[in-house]
Amino acid sequence: MLSFYLSDPSIYPGSVNTCIFLNEHEPLELIKNADIIAIENFHLKTFNDQPQFIINRFSCFAIYKSNSLTCTFNKSYDAGPFDKKILKALDEFDIEQKQTGRHKMAVSTPRSILETAQIEDAKSKFFDYVGQVIDLTFENERDTITLTDYTLNPKPIMHTVDESIVRKDYMIMCTVWDSLVDQCADLAPDDYVYLKNCVKKDSHPLEFSIRNKEEDKSKIIIEKIEENNSRLITLIQRKTKYIVTKEKKRKYMSLKVSVFKVGKDYGFSHERCYIYGIRF
């Protein structure tokens, strides 16, 4: 399989993910950045809430070199006069982008950023994640990060954990593998992180993991972000609401205990004690 991104003037600087599923390997060697491809009989589907083109053995397509518009590969695609006009327009579009310094026609569309509460029911098991670090543990060449984004986990952590910051039903665990463990070195509890290329685990409790390919070692997959980062706006709002609610409950429980003690000191019965509007 070959996966790449396509763009044209109608969606630039956006892009559409395209996958080729063929037994032949020639196209894998021929498609280069800024090439132009004409496709017929492709399958349109949705991947990670984004459109995706699927090219299979029933599809016809041709690949053209920009500038010269030389056909470098053709799989049963019959180019007509109208195709030549389209090819010329795309070539002019490419030249314009190069002249303005924006010569990347294909721009990667980022994966959806999912909240903890959305992961379980998401159509795709691949996503990005933004959260606050609760705890980190390193064991057997892997890091486990306990995180929260202050939304409920439908399949929460079952074992005993420190709930001083947030209840465990608001937590989710992420396992970090391979060389990505090094990218966790500067992380500490209370840090905010942007995690890319997350993969949902089919497990209970609900968890996810991150791996990287050997050739992607230089890519930043685990990114520490500051509180003023725009990705954190809704998380900070939820965090503030959570803390306010938690403090109200704490004061209520403190008052309840205090009043109960007063009632006991003065010999009031549990069923008939009314102090400060609280019944015991």
Side-chain angles (χ1 to χ4, degrees), residues 1-114 118 122-128 194 196-200 212-221 230-231:
M1 184 197 80
L2 172 67
S3 178
F4 55 95
Y5 288 88
L6 295 176
S7 184
D8 69 14
S10 68
I11 60 171
Y12 188 82
S15 60
V16 177
N17 178 250
T18 306
C19 294
I20 296 181
F21 294 91
L22 291 174
N23 292 327
E24 302 92 340
H25 297 288
E26 292 89 341
L28 312 188
E29 306 295 329
L30 291 174
I31 297 180
K32 306 296 181 184
N33 187 44
D35 281 356
I36 300 170
I37 183 170
I39 315 168
E40 189 175 48
N41 297 333
F42 61 88
H43 178 58
L44 177 63
K45 61 178 290 187
T46 300
F47 174 74
N48 207 24
D49 296 325
Q50 299 291 335
Q52 183 183 57
F53 296 158
I54 300 295
I55 300 174
N56 54 33
R57 62 192 181 92
F58 300 106
S59 306
C60 303
F61 65 97
I63 303 167
Y64 297 86
K65 202 73 178 173
S66 56
N67 300 326
S68 65
L69 294 183
T70 304
C71 182
T72 57
F73 183 87
N74 192 316
K75 181 182 178 295
S76 307
Y77 186 86
D78 185 17
F82 184 72
D83 292 87
K84 294 179 180 178
K85 291 182 180 180
I86 297 296
L87 291 172
K88 184 178 180 182
L90 286 170
D91 191 45
E92 291 173 351
F93 168 70
D94 180 43
I95 293 172
E96 179 185 344
Q97 302 314 305
K98 289 177 179 177
Q99 289 175 344
T100 57
R102 298 175 297 174
H103 56 85
K104 280 191 176 181
M105 286 183 63
V107 181
S108 175
T109 303
R111 290 174 170 174
S112 299
I113 297 177
L114 296 184
Q118 298 172 328
K123 294 179 180 179
S124 173
K125 67 176 183 178
F126 304 100
F127 59 95
D128 290 351
Y194 174 37
K196 305 174 187 176
N197 300 345
C198 304
V199 183
K200 176 175 63 177
N212 70 333
K213 298 178 182 178
E214 189 68 24
E215 61 269 23
D216 294 336
K217 280 187 174 181
S218 61
K219 289 185 178 180
I220 302 299
I221 306 297
S230 60
R231 295 188 182 96

Look up atom [atom1] in [X] and atom [atom2] in [Y], then write down how far apart they are to the nearest 0.5 Å.
{"X": "Lys125", "Y": "Leu114", "atom1": "NZ", "atom2": "CG", "result": "14.0 Å"}
{"X": "Asp78", "Y": "Asp83", "atom1": "CG", "atom2": "CG", "result": "8.0 Å"}
{"X": "Lys32", "Y": "Ile63", "atom1": "NZ", "atom2": "CD1", "result": "10.0 Å"}
{"X": "Phe4", "Y": "Ile20", "atom1": "CZ", "atom2": "CD1", "result": "4.0 Å"}
{"X": "Ser59", "Y": "Phe42", "atom1": "OG", "atom2": "CZ", "result": "8.5 Å"}

Closest contact, heavy atoms only, [X] versus [Y]:
{"X": "Tyr77", "Y": "Cys60", "value": "CD1-O, 3.9 Å"}
{"X": "Ile37", "Y": "Ile31", "value": "CD1-CD1, 4.5 Å"}
{"X": "Ala79", "Y": "Tyr64", "value": "CB-OH, 3.6 Å"}
{"X": "Cys19", "Y": "Gln52", "value": "SG-NE2, 3.4 Å"}

Any Phe53 side-chain heavy atom under 4.5 Å of Leu44 side chain
yes
So does [Y] get a backbone contact from the side chain of [X], meaning a donor-acceptor N/O pair under 3.5 Å?
{"X": "Lys88", "Y": "Leu69", "value": "no"}
{"X": "Asp128", "Y": "Asn197", "value": "yes"}
{"X": "Ser66", "Y": "Asp35", "value": "no"}

Between Ile113 and Tyr194, does a side-chain contact (heavy atoms from CB on, under 4.5 Å) hold up when you go through it step by step?
CA-CA 9 Å; Ile113 297 177; Tyr194 174 37; 4.0 Å; yes
